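Report on the structure given below.
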2 protein chains.
Amino acid sequence: MRQIIEERTGSHSRHPASSEPHIAHMRFTAHATVLHEGDPARRIMEVVEGAVMLTKLLPDGRRQVVELLGPGDVFGLAACDVYACSAETLTAAIITTHERGALDRDPTLAARLLRRFEAQLCAMHSHALVLGRMSALERVAFFLLRLTPESVVGSTLHLSMTRQEIADFLGLTLETVSRAFSELKRRGLVALLRADEVKIHDHGSMRRLAGAA
Amino acid sequence: MRQIIEERTGSHSRHPASSEPHIAHMRFTAHATVLHEGDPARRIMEVVEGAVMLTKLLPDGRRQVVELLGPGDVFGLAACDVYACSAETLTAAIITTHERGALDRDPTLAARLLRRFEAQLCAMHSHALVLGRMSALERVAFFLLRLTPESVVGSTLHLSMTRQEIADFLGLTLETVSRAFSELKRRGLVALLRADEVKIHDHGSMRRLAGAA
DNA sequence: CGTGATATTGACAAGTCTCAACCTGTGTGG
DNA sequence: CCACACAGGTTGAGACTTGTCAATATCACG
């Protein structure tokens, strides 16, 4: 893809001394673990293709999906020297990685990641609003709209997440998510073709539910 | 309004190469609004001194404090071309601003902001875990530990937020926050000297409650 | 046609919110 | 210097949303 090409050309001979290529592409199947919360944070990663979710765990096993990532999004971050989140693929995915040192050496890379971080930080701000202040029904409506590209209006939306994963993303239980889906269906806002295929019928009402943000 | 008392430009010119002063320092009193969600996003801002909170609103008035910022933290971000959050000072504060264009021109600045964004993104990940998966008591414990610098062990912690602001940060109501404070006091984990002065007695139990993150 | 994983639905419990009353401390004016 | 007023905080009772546990349904696959 375009990004792969840019990466390769952008990275050549920045540091000829280092024999190790600081860019590597990796291909993952769906439901693969890319990295573990708590492991030493060596590299910064970027989704090239596919979908990835970042999760955090509490000692007692409660889980939160903190971010959903698509092409261009960055992960593998660390507040100290270990990864702050685990990362799992939701679909088959291609991921590229950068040495942490490359951020200082390569201003082009830094500029691109900076823009990306800004977008992701804004997404997290929205997510905080969802988690802190929205009802179950509103959360699910928000989730469905978030997955719907602007362009797609009539077509059907494929969820590559189980109810449990959606629940962990929205701070709910899988039962509550299921009930919310049923309620949206009952109200005629969506149609459930299959458990993982949704068609949004009333975009306006969905927007209103989701806070029109 | 009482916000802008004084504005200086480029006082410490650390980048002599650039003749244009793209840095401005501003001094704010406590409880001043620095910027409004939805306004055109012209500049990126950085906290130099003091504390700032970022908030988002739903159409019906529900509010979420999405981030608490201290010295070094960055705000004024936008997913499209308008600010994603409002920003208010919690204490008197000094804030510096950068033109958005400066990010591309000044690699040193970009590198610094990049590191900061990473830290803030990690903080948001933790916050998502708090909002999505923790009980009221756990949230308040987490909040108090988050405000406690590692160094400070015995001294008393000053909250520069009302119960309502804390509640909006933690996704609770002010009553629930108040009850959580009382419960922590009852259990002997903290002492409330005044409504806005807390002393943490049992750091270990607090850590356990907060998920030892 | 079973079998296992995932999803839905129901009944009940628990945690948090809502509404209301009351308390505390700070500052002001008589 | 005291009394009062006001903003913020605490506490209580009951309602409501969501969580928990359990039974049943649906779908993909061998």
Side-chain angles (χ1 to χ4, degrees), chain A residues 30-31 53 58 60-65 88 90 130-144 156-187 190-198 209, chain B residues 30-31 53 58 60-65 88 90-91 129-144 156-187 190-198 209:
Chain A
H31 313 113
M53 67 176 176
L58 284 170
D60 64 2
R62 281 175 286 176
R63 182 175 81 153
Q64 178 68 35
V65 173
E88 285 174 51
L90 287 170
V130 171
L131 292 175
R133 288 297 178 223
M134 284 191 181
S135 73
L137 201 64
E138 292 169 333
R139 294 185 206 201
V140 172
F142 183 93
F143 171 74
L144 290 176
T156 135
L157 171 64
H158 182 83
L159 312 175
S160 31
M161 300 168 74
T162 65
R163 295 289 184 267
Q164 181 64 63
E165 287 164 342
I166 297 170
D168 286 345
F169 180 58
L170 297 177
L172 301 168
T173 59
L174 69 94
E175 293 93 337
T176 301
V177 170
S178 182
R179 281 186 247 270
F181 272 110
S182 301
E183 177 64 21
L184 289 177
K185 191 173 70 179
R186 197 171 310 125
R187 296 194 190 179
V190 305
L192 288 170
L193 312 182
R194 285 207 332 261
D196 60 348
E197 267 180 16
V198 184
L209 257 183
Chain B
H31 314 297
M53 67 175 176
L58 284 170
D60 64 1
R62 281 175 285 177
R63 183 175 79 154
Q64 178 68 35
V65 172
E88 286 174 53
L90 288 169
T91 64
L129 180 64
V130 171
L131 293 175
R133 289 298 178 220
M134 284 191 181
S135 73
L137 201 66
E138 292 169 333
R139 294 185 204 201
V140 171
F142 184 93
F143 171 75
L144 290 176
T156 135
L157 169 65
H158 182 83
L159 312 175
S160 30
M161 300 168 75
T162 65
R163 295 290 185 266
Q164 181 63 64
E165 288 164 341
I166 297 170
D168 286 344
F169 181 58
L170 297 177
L172 301 168
T173 58
L174 69 90
E175 293 93 335
T176 300
V177 170
S178 182
R179 281 186 247 271
F181 272 109
S182 301
E183 177 65 22
L184 289 176
K185 190 172 73 178
R186 197 170 309 123
R187 295 194 191 179
V190 306
L192 288 171
L193 312 182
R194 283 208 331 261
D196 59 348
E197 267 180 15
V198 184
L209 256 183

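Every heavy atom of this structure was used, including side-chain atoms; hydrogens, water molecules and symmetry mates were not. Within every chain, numbering begins at 1; the chains are lettered A, B, ... in the order of the sequence lines, protein sequences first and strands thereafter. All figures in this text were calculated on a predicted structure; none of them were measured in a lab.
- When the C1' atom of dT20(D) is taken as reference, atom CZ of R62(A) falls 15 Å away, rounded to whole Å.
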Can you name the atoms? Protein N/O to nucleotides 24-30 of chain D N/O, anything below 3.5 Å, with the distance.
none

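- In this structure, CE of M161(A) is placed 11 Å from P of dA7(C), rounded to the nearest angstrom.
- Between S178(A) and dT9(C), a side-chain N or O to OP1/OP2 separation shorter than 4.0 Å is absent.
- Annotation for L90(B) and H31(B): closest pair O-CE1, 4.0 Å, computed over non-hydrogen atoms.
- At a non-hydrogen distance threshold of 4.0 Å, nothing from residues 163-170 of chain B comes into contact with DNA chain C.
- Rounding to whole angstrom units, CD of residue E175(B) and C1' of dT11(D) are separated by 10 Å.
- Two end axes, each from the C1' atoms of five base pairs, can be drawn for the helix from dC1(C)-dG30(D) to dG30(C)-dC1(D); they diverge by 20°, to 10 degrees.
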Set out, line by line, the N/O atom pairs under 3.5 Å between protein and nucleotides 17-19 of chain D.
{"unit_1": "dT18(D)", "atom_1": "OP1", "unit_2": "A136(A)", "atom_2": "N", "d": "2.7"}
{"unit_1": "dG19(D)", "atom_1": "OP2", "unit_2": "T173(A)", "atom_2": "N", "d": "3.3"}
{"unit_1": "dG19(D)", "atom_1": "OP2", "unit_2": "T173(A)", "atom_2": "OG1", "d": "3.2"}
{"unit_1": "dG19(D)", "atom_1": "OP2", "unit_2": "T176(A)", "atom_2": "OG1", "d": "2.4"}

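- Nucleotide dT9(C) holds its C1' atom 16 Å from the CZ atom of F181(A), rounded to whole Å.
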List the atom pairs, donor and acceptor, that lie under 3.5 Å between side-chain atoms in residues 174-181 of chain A and the rest of the protein, sequence neighbours left out.
{"unit_1": "T176(A)", "atom_1": "OG1", "unit_2": "T173(A)", "atom_2": "OG1", "d": "3.0"}

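- M53(B) CE to I166(B) CD1: the interatomic distance, rounded to the nearest 0.5 Å, is 11.0 Å.
- Qualifying salt bridge (charged side-chain N to carboxylate O under 4.0 Å, His left out) partners for E165(B), counting only residues two or more places apart in sequence or in other chains: none.
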